Peer 1: 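Before I ask anything, let me first share the structure, which is written out below as structure tokens.
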Amino acid sequence: MTGYIGEFRNDGRREASDERLDAAAFHRNHAAIWTVLEKFLSGKTGDVLEAGSGTGQHVVFFARRSPDITWWPTDLNDHHLRSIAAWTAHEKLANVRPPQRLDLSNPWQLAEMNDCHGPRALLAVFCANVIHIAPWRVAEGLFAGAAHHLRPDGRLFLYGPFKRDGRHTAPSNEAFDASLRNNNPDWGVRDVDEVSTLAQQNGLTLTEITEMPANNLILAFERNQR
Ligand SMILES: C[S@@+](CC[C@H](N)C(=O)[O-])C[C@H]1O[C@@H](n2cnc3c(N)ncnc32)[C@H](O)[C@@H]1O
């Protein structure tokens, strides 16, 4: 887990006791991501779970713009969970629940959250920049969990860099992929097709691909029509 912490920094202007972390990438991607999520969430109510919330900056940004949605941030890393709690407290948002420890490689933990008054059937699951910085079993757990917990009209949104038809979409993504695999051979930029196949295995269909700045994509998945 420590590999991810280096991506975040404190801006140096805060009290030492302030546990809010700041991810440089958040400032570049949050507005573009919100335009996609907003199209789906606008006018709806319900629960949205964020998987691998990291600093917590996305969840508080999105929650401020969607007061009728209840947001459930989660992560595996205790350092990040404290940052999410600190951002939520700082923003004083009533529609963000306390962050929960959730290991995506164990999708059934979500069921345990339900037992302790966790989210009901989910309107959406949002996951940014996780499945390439984790072993494939994390993607498997994410899809199994989403398939189990999304409500019939729910959607899974996956943001990050992806290959298309086995090829990188930019030299920068190829270099990033090489550095990930160098760090851990089980990590790496995933191909849209392999993620789509995993979705199908879990009863979900890739219904929309949206191009994002800096050669990233948002993949949206829905339940298969019966
Ligand atoms: C690169 S960060 C992305 C954070 C945030 N989503 C963002 O885009 O800024 C990857 C996050 O995934 C989390 N993570 C890694 N493996 C995980 C797992 N098995 N279950 C849940 N979260 C995991 C890390 O703790 C980290 O917060």
Side-chain angles (χ1 to χ4, degrees), residues 3-4 7 23-42 48-55 57-59 61-62 65-66 71 73-75 104 122-147 150 153-181 183-184 186-224:
Y4 310 131
E7 187 188 344
F26 163 80
H27 300 280
R28 298 191 294 267
N29 65 29
H30 66 277
I33 295 172
W34 179 242
T35 59
V36 175
L37 297 187
E38 186 182 25
K39 267 198 291 181
F40 174 67
L41 296 178
S42 179
V48 178
L49 182 136
E50 184 182 21
S53 298
T55 62
Q57 288 166 292
H58 284 118
V59 80
F61 181 85
F62 300 155
R65 282 150 189 82
S66 55
W71 291 83
T74 68
D75 206 285
L104 290 170
L122 295 167
L123 170 60
V125 174
F126 168 67
C127 182
N129 286 326
V130 174
I131 68 165
H132 55 283
I133 316 183
W136 183 242
R137 68 174 179 279
V138 168
E140 292 174 332
L142 172 67
F143 276 88
L150 280 176
D153 61 341
R155 277 192 202 169
L156 165 64
F157 293 93
L158 205 50
Y159 169 89
F162 294 93
K163 289 191 277 188
R164 298 187 87 163
D165 301 321
R167 284 190 289 276
H168 288 290
T169 60
S172 56
N173 281 7
E174 186 167 7
F176 181 45
D177 186 36
S179 74
L180 288 171
R181 290 177 193 280
N183 245 313
N184 186 327
D186 292 334
W187 296 0
V189 171
R190 312 300 179 186
D191 195 289
V192 169
D193 285 345
E194 67 179 334
V195 179
S196 177
T197 300
L198 176 62
Q200 284 297 336
Q201 289 162 354
N202 285 279
L204 299 172
T205 299
L206 174 59
T207 52
E208 198 173 359
I209 301 177
T210 309
E211 297 201 358
M212 293 276 106
N215 304 301
N216 290 294
L217 300 175
I218 290 185
L219 311 183
F221 301 87
E222 297 175 36
R223 287 195 181 285
N224 293 343

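Source: prediction; values computed, not measured.
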Peer 1: Please name the pair of heavy atoms, one in N173 and one in A214, separated by the smallest distance, quoted to 0.1 Å.
Peer 2: OD1-O, 4.5 Å

Peer 1: Ring-plane angle category for F26 and H30, please: parallel below 30°, perpendicular beyond 60°, tilted otherwise.
Peer 2: parallel

Peer 1: Any donor and acceptor pair, going by atom type alone, linking the side chain of D191 with main-chain N or O of D193 inside 3.5 Å?
Peer 2: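 The answer is yes, because a donor-acceptor pair under 3.5 Å joins these two groups.
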
Peer 1: Taking C-beta and beyond as the side chain, do W136 and L198 meet within less than 4.5 Å on heavy atoms?
Peer 2: yes

Peer 1: Answer yes or no: does atom CZ of R137 have more than 12 heavy-atom neighbours from other residues, nucleotides or ligands under 6.0 Å?
Peer 2: no

Peer 1: Which value, rounded to the nearest 0.5 Å, describes the distance between I209 atom CD1 and S196 atom OG?
Peer 2: 8.0 Å

Peer 1: For the residue pair F62 and W34, categorise the inter-ring angle as parallel (less than 30°), tilted (30 to 60°) or perpendicular (more than 60°).
Peer 2: parallel

Peer 1: Between atom CG of L206 and atom OG1 of T197, what is the distance when rounded to the nearest 0.5 Å?
Peer 2: 10.0 Å

Peer 1: Grab the two heavy atoms, one from L104 and one from A51, that are nearest each other, plus how far apart they are.
Peer 2: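 Minimum heavy-atom contact is CD2-CB, 3.7 Å.
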
Peer 1: Any idea which heavy atoms bring A146 and L156 closest together, and the distance?
Peer 2: CB-CD2, 4.1 Å

Peer 1: Taking atom types as modelled, find out whether Q200 and T205 have a side-chain donor-acceptor pair closer than 3.5 angstrom.
Peer 2: yes

Peer 1: Hey, does E38 have a side-chain heavy atom less than 4.5 Å from the side chain of R65?
Peer 2: no

Peer 1: If I take atom CZ from residue F126 and atom CG from residue L41, how far apart are they, to the nearest 0.5 angstrom?
Peer 2: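 Here the interatomic distance stands at 10.5 Å.
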
Peer 1: Decide yes or no for E194 and K163: does some side-chain heavy atom of the first lie under 4.5 Å from some side-chain heavy atom of the second?
Peer 2: no

Peer 1: Are W187 and P135 packed together at the side-chain level, in the sense that at least one heavy-atom pair is separated by less than 4.5 angstrom?
Peer 2: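 Sidechains of P135 and W187: in contact.
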
Peer 1: Rounded to the nearest 0.5 Å, how far does CZ of F40 lie from CG of D153?
Peer 2: 6.0 Å

Peer 1: Mark yes or no: R164 above the aromatic ring of F162, with NZ or CZ under 6.0 Å from the six-membered ring centre and no more than 45 degrees from the axis.
Peer 2: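 R164 over F162 ring: no.
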
Peer 1: Look at the side chain of T207 and the backbone N and O of A220, then say whether any donor-acceptor pair between them is shorter than 3.5 Å.
Peer 2: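 Looks like yes, one N/O pair under 3.5 Å.
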
Peer 1: Between the main-chain N or O of G188 and the side-chain N or O of R190, is there a donor-acceptor pair closer than 3.5 Å?
Peer 2: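 Yes; at least one donor-acceptor contact below 3.5 Å.
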
Peer 1: Quick one: does V125's side chain get under 4.5 Å of L142's, heavy atoms only?
Peer 2: yes

Peer 1: With a 3.5 Å distance limit and no angle check, can you tell me whether S42 reaches the backbone of K39 through a side-chain donor-acceptor pair?
Peer 2: no

Peer 1: Between R223 (side chain only) and G203 (backbone N and O only), is there a donor and an acceptor less than 3.5 Å apart?
Peer 2: no

Peer 1: Compare all side-chain heavy atoms of E222 with those of L204 and state whether any distance is below 4.5 angstrom.
Peer 2: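 A side-chain contact under 4.5 Å is absent here.
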
Peer 1: With a 4.5 Å limit on heavy-atom distance, are the side chains of N129 and P161 in contact?
Peer 2: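 A side-chain contact exists here, since the closest heavy-atom pair is under 4.5 Å.
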
Peer 1: For residues A32 and P213, report the shortest heavy-atom separation together with the two atoms involved.
Peer 2: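 Minimum heavy-atom separation between A32 and P213: CB-CD, 3.7 Å.
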
Peer 1: Looking at side-chain heavy atoms only, is the closest gap between F221 and V195 below 4.5 Å?
Peer 2: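 Sidechains of V195 and F221: in contact.
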
Peer 1: For the side chain to side chain contact (heavy atoms under 4.5 Å, CB included) test, which of L158, I33, N29 pairs with I218?
Peer 2: I33

Peer 1: Of all the heavy-atom pairs spanning N202 and A144, show the shortest one and how long it is.
Peer 2: OD1-CA, 3.4 Å

Peer 1: Strictly distance-based, threshold 3.5 Å: is any side-chain N or O of Q57 a donor or acceptor partner for the main-chain N or O of A23?
Peer 2: yes

Peer 1: Which heavy-atom pair separates H168 from D177 by the least distance, and what is that distance?
Peer 2: NE2-OD2, 3.1 Å

